[in-house]
Amino acid sequence: MDKDDSQTISFDRWSDYLFFLPRFELGNLFCTWRDATFLDVGENLSVPEDFTKKEMQTGMWWRHLVAGAIAGGVSRTCTAPLDRIKVFLQVRNREYSSIGVCLRHMLKEGGYASLWRGNGVNALKIAPETAIKFAAYEQLKSLIRGDTDRELQIYERFLAGSIAGGIAQSSIYPLEVLKTRLALRKTGQYKSAWMQNVKIFRKNEGLRSFYKGYLPNLLGIIPYAGIDLAIYETLKKSYTTRHPEVKEPGSMVLLGCGTASSSCGQIATYPLALIRIRLQAQAVTSDHSPEAGTMIGLFKSIIKREGVAGLYRGITPNFMKVAPAVSISYVVYEYLKNKLGVKAT
């Protein structure tokens with residue numbers, strides 16, 4: 001529609017677009033865009049999904065959530081070795097200098113099964129987090145809308161989504177801490193995840209220890225989601241501008257846009273993610289210095305010891321998992337949608 005790239009669309013141009021566009025394609029365009037929000041890259045910073053009134057009334061919404069949760073679990077399981085290597089590089093940077101060194105240590109210490117250590121908790125928390133995020137998002141939209149039946153503005157949806165993401169993260173955050181510490185544990189160190197929970201509670205700071213790194217995690221939600229969505233839409237618009245004969249990018253183009261936008265979002269918020277992981281892992285590391293006990297103190301400590309590059313330790317395996325995670329999540333989600341009988345509305 002915006003052929004002159006003026007960032008504005010007149011009413012006549014908009015009406016012409018709707019007049020010449022086949023009616024059935026409009027629904028397909030909407031579903032393609034909406035489905036992109038289910039892509040999972042192993043992070044928990046995305047804005048919740050939005051459903052139509054028809055989907056809410058017919059119960060299709062829960063099938064979307066089930067498909068998205070299972071797809072996320074499959075993609076995280078497939079990329080779990082890269083995720084564990086990332087955690088090792090983030091926390092034990094003095095012992096392990098590269099991906100190869102980490103991989104050899106893990107295989108020698110616990111065999112191939114050790115590459116998936118901590119993944120059970122990581123996959124388990126997807127379902128409750130998705131459900132809480134969706135429920136909170138719907139309630140917040142109702143509060144913002146009030147007694148009116150108006151459509152929310154983009155910034156209002158983004159605000160509601162960010163707050164809902166924060167509520168969901170607060171609810172399942174102890175599982176985040178547990179996942180990190182399980183990923184760092186040695187073979188045979190704990191009989192079960194429950195024993196790990198008991199040790200964290202007794203030998204550390206009680207319930208507070210389950211919220212280590214909570215502040216940097218919360219601070220990363222809005223910039224990550226904002227950058228991710230903005231770059232995704234920009235890349236999609238750039239593609240359609242260069243290829244005017246294409247009305248809507250295909251699945252592979254959308255996957256590429258999603259991978260690139262997610263990577264950019266992670267670059268911007270990665271220092272916060274690294275600080276979060278290090279705070280979560282303090283109970284199992286030797287760094288108990290006073291300056292490493294807070295977000296600001298740890299940030300200054302990393303800059304002093306390792307420079308700016310230290311804030312991006314482990315980002316290589318993080319990038320390596322984005323493309324396969326997005327692709328696997330997309331394929332599994334589409335397959336499950338068909339099996340569950342989800343139809344475009």
Side-chain angles (χ1 to χ4, degrees), residues 34 36-53 55-56 59 61-73 76 121-148 150-181 197 200-201 205-230 262 265-266 268-270 272-273 275-277 279-280 295 329:
R34 204 280 310 282
T37 63
F38 287 95
L39 298 181
D40 183 87
V41 293
E43 305 297 333
N44 305 282
L45 306 173
S46 59
V47 173
E49 299 77 24
D50 211 352
F51 297 103
T52 64
K53 289 183 179 180
E55 284 174 325
M56 294 295 292
W61 62 271
W62 69 264
R63 301 185 188 187
H64 280 283
L65 293 183
V66 169
I70 296 176
R76 293 188 190 195
V121 174
N122 194 31
L124 180 67
K125 65 186 175 64
I126 296 176
E129 183 189 13
T130 301
I132 294 169
K133 189 188 296 183
F134 171 69
Y137 184 52
E138 290 300 316
Q139 289 298 317
L140 287 164
K141 284 198 302 181
S142 298
L143 287 174
I144 294 173
R145 189 182 291 115
D147 297 330
T148 64
R150 67 182 179 87
E151 288 292 325
L152 297 184
Q153 300 294 320
I154 293 177
Y155 74 90
E156 291 176 321
R157 292 179 184 275
F158 184 75
L159 177 63
S162 299
I163 296 174
I167 293 172
Q169 278 284 283
S170 301
S171 302
I172 58 91
Y173 193 77
L175 292 176
E176 287 280 346
V177 177
L178 182 61
K179 186 266 289 188
T180 298
R181 295 183 181 180
N197 272 324
I200 293 174
F201 182 81
E205 305 170 18
L207 291 175
R208 287 183 59 191
S209 62
F210 288 97
Y211 282 87
K212 285 279 190 179
Y214 175 73
L215 181 58
N217 181 73
L218 205 60
L219 292 176
I221 291 177
I222 294 178
Y224 179 93
I227 292 169
D228 189 10
L229 290 173
S262 174
Q266 290 188 51
T269 59
Y270 192 82
L272 287 171
I275 289 172
R276 178 198 74 198
I277 294 294
L279 287 172
Q280 290 175 347
M295 181 180 72
S329 179

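Side chains are part of it too, since the values below use all heavy atoms of this structure and drop only hydrogens, waters and symmetry mates.
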Peer 1: Any heavy-atom pair between the side chains of Lys133 and Glu138 that's under 4.5 Å?
Peer 2: no
Peer 1: For Pro216 versus Ile275, what's the shortest heavy-atom pair and its separation?
Peer 2: CG-CG2, 4.3 Å
Peer 1: What I'd like to find out is whether the side chain of Arg76 reaches to under 4.5 Å of the side chain of Lys125, using heavy atoms alone.
Peer 2: yes
Peer 1: Just do the side-chain contact (heavy atoms from CB on, under 4.5 Å) check on Lys212 and Arg181 with the steps written out, would you?
Peer 2: CA-CA 11 Å; Lys212 285 279 190 179; Arg181 295 183 181 180; 4.0 Å; yes
Peer 1: If you measure from CD on Gln169 to CD1 on Ile132, what distance do you get to the nearest 0.5 Å?
Peer 2: 10.5 Å
Peer 1: Can you find a pair of side-chain heavy atoms, one from Leu272 and one from Arg276, that are under 4.5 Å apart?
Peer 2: no
Peer 1: I need the minimum non-hydrogen distance between Ala123 and Gly73, along with the two atoms involved.
Peer 2: CB-CA, 4.3 Å
Peer 1: Could you tell me which non-hydrogen atom of Ser329 sits nearest to which non-hydrogen atom of Ala71, and how far apart they are?
Peer 2: O-CB, 3.5 Å
Peer 1: Supply the atom-to-atom distance Lys179 NZ to Ile172 CD1, rounded to the nearest 0.5 angstrom.
Peer 2: 10.0 Å
Peer 1: Could you state the interatomic distance from CG (Leu175) to CD1 (Ile126), rounded to the nearest 0.5 Å?
Peer 2: 11.5 Å
Peer 1: By side-chain contact (heavy atoms from CB on, under 4.5 Å), which residues pair with Ile144, not counting sequence neighbours?
Peer 2: Arg150, Leu152, Glu156, Ala160
Peer 1: Under the side-chain contact (heavy atoms from CB on, under 4.5 Å) rule, collect the residues that match up with Tyr211, sequence neighbours excluded.
Peer 2: Tyr173, Pro174, Tyr214
Peer 1: I want to check something: taking the side chain as every heavy atom from C-beta on, are Leu219 and Met295 in contact at a cut-off of under 4.5 Å?
Peer 2: yes
